[in-house]
Amino acid sequence: MSAPTRQTTRFPLLSSPLRIGSTTIKNRIVSSGHDTGMSDGGAVTDQLVAYHRARAAGGVGLIVLQVSGIHETAQYTTHMLMATDDSAIAGYRRIAQAVRPYDCKVFGQVFHPGREIMESLDGSRPVTYSASNAINDRFHSVPAAMPRPLIREVVDGYADGAERMLKGGLDGAEIVASHGYLPAQFLNPRLNQRTDEYGGSYDNRIRFLREVVAEVRGRVGRDFVVGLRISGDEMSDDGLTVDETVQVCADLDSEGMLDYISVTAGTSSTLGGSVHIVPPMSQAVGYTAPLSGRVKEKVAIPVMVAGRINQPQDAETLLEQDLTDACAMTRALICDPEMPNKAEAGELDSIRACIGCNQACIGHHHTGHPISCIQRPETGRELVYDLPNPTLRRKSVMVVGGGPGGLKAATVAAQRGHDVTLYEAERRVGGQVLLAEQLPGRAEFGGAATNLIGEAERAGVKIVTRRRVDADLVRAENPDTVVLATGVVARQPEVEILDDPVILESSDVIAGAEVPAGRVVVADWRCDWTGLGVAQMLARRGRKVTLCVDGYMAGEMLQQYVRDEMIAAAHSAGVEVIPNVRVMGVDEDTVYLQHRLSSKPVMVDGVAATVFALGPLPEDGLAAELEPLSCDIVSIGDCVAPRTVEEAVLEGLKAAWVI
Ligand code: SF4
């Protein structure tokens with residue numbers, strides 16, 4: 001593999017072209033295959049075309065489309081693309097035509113999940129297939145061993161799918177052997193218990209993947225790119241190891257039928273392993289690059305890597321270290337499709353960095369909705385919000401509250417041409433984000449405030465801090481429109497309190513309030529990052545923490561990978577969790593709980609302090625105060641109903657879009 005050519009840009013390696021098989025990508029920035037939830041009945045939609053067009057326009061060099069199922073047994077969700085008949089061709093063609101004007105290349109992914117079926121199509125549990133009967137821990141399925149005629153059908157299916165991608169005008173096809181999916185289930189000696197020619201020895205276990213690669217290559221010829229995606233390490237007890245993966249990559253490369261290898265990490269099959277499919281902010285930037293580096297040492301074809309590469313400077317560093325030939329920066333592009341163009345132009349301060357929260361991207365996919373971004377709700381809504389929308393009449397707009405919703409509303413209103421002033425009662429703007437960033441492993445969350453503040457300033461919003469808005473100020477300013485984004489106030493819980501126990505609000509603890517030594521109960525109604533984060537924070541400070549959760553599990557409202565990492569960290573710190581309980585009373589040294597399902601009492605004794613994470617109420621007093629005024633008034637975010645940053649920012653966009 002020849003070294004990339006240096007150019008006179010801020011990121012000479014990242015900006016340089018890369019030859020992959022029969023094609024060349026214009027830079028080393030890749031949007032790797034990721035489910036979008038934007039297909040319909042297995043087919044490409046207008047929404048999906050617009051989503052990819054936006055990223056191509058933003059300067060990405062290569063888009064790898066989300067997985068396309070290649071056999072009827074490959075449908076692992078109800079909202080994925082299918083390549084099982086020729087109707088798929090027209091959809092691929094639409095995407096290819098949409099991105100081509102931007103000199104962006106596009107590959108498809110040919111895919112079979114094996115036993116990793118996430119959803120049922122009709123409510124009944126489907127038969128899943130794998131190399132053999134090894135059970136799946138995450139989805140609790142016992143797969144059927146794939147009969148040999150079905151193996152033949154599936155191998156043909158990969159080639160059929162790739163051929164449809166070729167006919168649709170895509171530039172390549174990527175065979176998905178990553179994340180414990182079907183090819184990996186054959187490769188893995190801990191899972192593959194077959195006794196025929198597809199099991200046992202290494203040569204037998206790699207036979208399935210070899211047949212897939214050969215069949216695909218044979219069908220599409222040499223002028224169409226064929227790549228392989230593989231987990232460099234599945235990071236799970238019985239997952240493929242890096243040594244096993246490197247051997248597979250080296251052997252397949254030596255046979256000369258692949259054009260590139262795309263390295264990722266983790267496996268779908270276990271809770272711990274699946275975290276690495278879309279690693280949360282607690283994982284280090286570029287932590288998977290040593291895996292691609294290992295592969296790169298053994299192969300001659302280009303290697304790319306995915307794994308928390310959010311900024312062009314980080315990608316450039318990995319290229320300089322020769323750990324990869326290209327960087328998959330998928331969430332960075334979900335969060336800011338213009339990132340490649342901004343990097344090229346040296347406009348680094350204006351790049352909206354992904355913070356690895358997982359909430360609206362993979363989080364939406366897991367709930368069956370089109371992906372978006374908490375910081376950029378325009379993503380996934382390109383058909384409406386990526387269009388120019390300048391105002392026809394410049395208005396004076398007063399935004400009350402400098403949290404994420406207020407900042408977004410102010411920015412969009414100013415970008416549309418309005419005269420916008422934002423008022424914040426506190427010393428700093430940023431709202432609840434400023435609290436969230438102080439919890440263990442959540443520091444990057446603060447990036448959301450940094451990004452939103454920068455966008456507001458660049459849009460020309462006047463920001464006034466330490467100024468509480470009342471009706472008199474609104475009368476004096478006489479704006480055309482007031483956007484209320486006043487956030488929340490603490491909720492006084494209906495809990496019986498006897499004697500004089502130490503009771504603290506979670507927000508005060510996060511802000512640094514003293515917590516006495518000894519056992520601490522965290523009473524968590526929210527089931528989000530707050531209870532888990534405070535519990536972990538206090539445990540790390542030496543407190544014996546019992547997290548009492550009013551839900552089935554701690555972090556129930558969080559995206560799975562974020563939740564699972566936080567649960568693991570809390571468990572490692574010694575936090576004890578009691579699920580399905582609500583707090584009824586507190587006295588000097590006891591917390592009285594009630595089990596939500598049995599209604600039986602549960603007590604925790606010897607308690608030195610109780611921390612309430614019971615959720616806030618809307619701060620909506622100003623709305624009533626302003627009712628008699630003649631200006632337009634719109635309320636957004638938590639002051640309507642307390643939810644998360646995602647809803648606040650989305651409502652800020654929607655409100656400002658129609659001012
Ligand atoms: Fe990144 Fe969070 Fe946006 Fe997903 S929702 S792209 S993780 S900032």
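Heavy atoms only: backbone and side chains are in, while hydrogens, waters and symmetry mates are out. Whatever order the structure lists ligands and atoms in, that order sets their numbers, starting from 1.
With sequence neighbours excluded, no residue forms a ring pair (Phe, Tyr, Trp, His ring centres under 6.0 Å) with Y423. For Y287, the ring pair (Phe, Tyr, Trp, His ring centres under 6.0 Å) criterion is met by H276, not counting sequence neighbours. H52 meets the ring pair (Phe, Tyr, Trp, His ring centres under 6.0 Å) test with no other residue; sequence neighbours excluded.
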Requested in this report: Give the intermediate values and the outcome of ring pair (Phe, Tyr, Trp, His ring centres under 6.0 Å) for residues Y76 and F139.
Outcome: CA-CA 11 Å; Y76 81 149; F139 303 118; 8.6 Å; no
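Note that the CD atom of Q438 and the OG atom of S507 stand 10.5 Å from one another [nearest 0.5 Å].
No donor-acceptor pair under 3.5 Å is formed between the side chain of H34 and the backbone N or O of Q66.
Near atom 3 (Fe) of ligand 1, less than 2.8 Å away, sit the protein N, O or S atoms C373 SG.
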